[in-house]
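For reference, the structure is listed below as structure tokens.
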Amino acid sequence: MKISRNTARLKPSATMAVSARARELKAKGRNILNLSVGEPDFPTPEHICAAAREAADAGFTHYTPVPGIPELLDAAAGYLNRFYDAGASRENIITGNGGKHCIYNIFACLLDPGDEVLVPAPYWVSYPPMVELTGAKAVVVAAPAEKNFKVDPDMLEAHLSPRTRMLILNSPSNPTGVCSTREELDALASWAVDKKLIVLSDEIYDRLTYGGLQAQSLCSWWKRFPEHFVIVNGVSKTFAMTGWRVGYTLAAPELIKAINRLMGQSTSNVCSIAQKAAVAALNGDYSFVESMRAAFERRRDITLRAVSGWPDVFCPEPHGGIYCFPDVHRHYGAAFSDSVSFCSYLLDEAGVAVVPGAAFGDDRCVRISYAVSDDILSEALEKIGGVLARNAVSR
Ligand SMILES: Cc1ncc(COP(=O)(O)O)c(C=O)c1O
């Protein structure tokens with residue numbers, strides 16, 4: 001069968017590839033410690049599940065308006081207004097099947113073949129393929145560990161062309177966990193407005209921040225320049241609801257209408273029951289969010305303590321998300337020569353799964369997820385440390 005050129009060139013997600021190899025080894029009886037997961041390891045809180053059960057029992061099982069039920073649009077706008085004074089109302093919100101679907105819809109509605117999108121690296125694995133599915137080009141702007149994984153306007157300017165239309169920002173970041181400060185975000189936002197670009201700000205990890213730091217949002221810039229900013233968020237990470245598939249977009253009404261048309265002809269609404277669950281999440285008690293956040297902060301600290309003892313490894317401190325992204329490239333040599341071979345080596349030698357940095361646009365690093373129990377995390381980190389220590393001696 002002939003598969004379309006666009007789809008045939010899509011690479012399988014690297015995170016999925018690592019999980020598949022880890023499962024294969026597990027099936028052969030190996031004890032695998034999996035630090036490649038991209039989702040909170042907590043169950044969805046009971047009051048959210050109860051809202052879904054009630055919706056199903058009440059027969060709320062039919063099509064809803066494409067953008068989402070009005071109470072969910074209000075709940076999402078309410079969230080952004082409460083935390084970021086966004087000045088949003090339901091006309092500015094549209095839901096999607098997860099933040100991922102929201103991001104895809106935004107690209108599909110804003111990009112034409114030949115357009116260019118500035119994608120700071122390390123980037124979330126799905127940005128470049130999603131951009132490229134529209135026929136546009138992902139222009140990668142490298143921000144290595146020495147730069148704290150952060151781009152500045154000068155670095156972006158060097159990659160600007162007459163075809164540049166968008167810039168993607170993601171703070172807290174997957175894979176680095178690094179958060180931009182208010183000043184850094186303001187500088188990038190101001191530069192983007194000056195260059196007449198549209199900024200997609202992916203704020204999906206905004207409630208998971210550490211060390212007393214609050215995530216900074218671009219909602220305030222959206223409020224001033226709605227034509228220049230699009231904000232994506234969702235319930236996946238904040239409420240441990242990855243499987244429910246509910247995300248939302250804050251945008252100017254013109255873009256909301258375009259996405260509405262696209263969804264109307266493709267997916268229709270997000271699952272009606274999941275929408276009710278998301279309303280309960282956004283409007284309900286946030287004490288679960290705080291306890292999950294505190295657990296992730298403890299695990300981040302366990303991770304940083306371990307990583308700081310690894311020889312010849314440099315790791316900018318993550319202040320958010322569920323990941324850290326150590327630079328291990330000084331270990332590359334005879335045993336393994338890049339992030340992919342390092343990860344295979346680690347899996348074979350130590351039974352630990354992490355994701356190669358190459359998948360995120362930085363081959364010097366690997367992504368460690370600390371969304372696992374403290375015990376598994378500590379054991380896995382010790383094993384990685386052992387592999388690196390032995391490698392440092394034998395080099
Ligand atoms: C940076 C980033 N953005 C968006 C998403 C999409 O999440 P979801 O589609 O579950 O809302 C993810 C999920 O891993 C992510 O890491």
Side-chain angles (χ1 to χ4, degrees), residues 12-19 34-42 44 48 68 72 76 79-80 93-108 117 119-131 138 143 149 166-180 199-209 215 217-218 230-250 259 263 267 270-271 274-275 277-278 281-282 289 292 296 318-325 355 357 359-362 367-371:
S13 152
T15 38
M16 308 259 176
V18 173
S19 303
N34 190 358
L35 303 189
S36 75
V37 283
E39 59 180 339
D41 57 323
F42 291 80
T44 304
I48 300 174
L72 178 53
Y79 175 94
L80 299 174
I93 304 282
I94 187 160
T95 59
N97 293 290
K100 195 178 227 173
H101 184 217
C102 294
I103 293 167
Y104 178 76
N105 286 342
I106 292 163
F107 291 148
V117 179
V119 185
Y123 46 70
W124 180 44
V125 281
S126 295
Y127 298 141
M130 288 203 278
V131 165
F149 299 127
M166 291 184 74
L167 161 67
I168 303 176
L169 296 177
N170 171 220
S171 172
S173 149
N174 175 4
T176 67
V178 161
C179 298
S180 301
V199 179
L200 165 57
S201 182
D202 177 351
E203 304 183 358
I204 199 97
Y205 292 98
D206 67 336
R207 296 265 70 75
L208 299 177
T209 55
S217 168
L218 283 179
V230 188
I231 315 292
V232 169
N233 209 321
V235 298
S236 283
K237 318 287 177 175
T238 301
F239 303 100
M241 290 178 71
T242 45
W244 300 75
R245 312 308 303 132
V246 186
Y248 53 89
T249 297
L250 169 71
I259 297 173
M263 282 178 67
T267 57
V270 172
C271 164
Q275 289 191 57
L282 289 163
V289 181
M292 180 172 72
F296 284 141
H319 286 100
I322 51 177
Y323 315 102
C324 77
F325 201 56
V355 188
F360 307 94
D362 189 339
R367 191 191 73 174
I368 293 175
S369 161
Y370 46 85

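Read the numbers this way: they start at 1 and go in the same order the structure lists the ligands and their atoms. Keep in mind that the numbers below use all heavy atoms, side chains included, and drop hydrogens, waters and symmetry copies.
- Formation of a donor-acceptor pair under 3.5 Å by the N233 side chain with backbone atoms of V235 is not found in this model.
- Between the side chain of S171 and the backbone N or O of S180, at least one donor-acceptor pair lies under 3.5 Å.
- Side-chain contact between R207 and M292 is absent, with no heavy atoms from C-beta onward closer than 4.5 Å.
- Within 4.0 Å of ligand 1, contacts by protein heavy atoms are made from G98, G99, K100, W124, Y127, N170, N174, D202, I204, Y205, S236, K237, R245.
- V230 is not listed as a side-chain neighbour of M166, based on a closest heavy-atom distance of 4.5 Å or more.
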Should N97 and Y104 be marked as a side chain to side chain contact (heavy atoms under 4.5 Å, CB included) after you check the CA-CA gap, both sets of side-chain angles, and the distance that decides it? CA-CA 10 Å; N97 293 290; Y104 178 76; over 6 Å; no
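- Annotation: side chain of L167 is not in contact with side chain of V117 (no heavy-atom distance under 4.5 Å).
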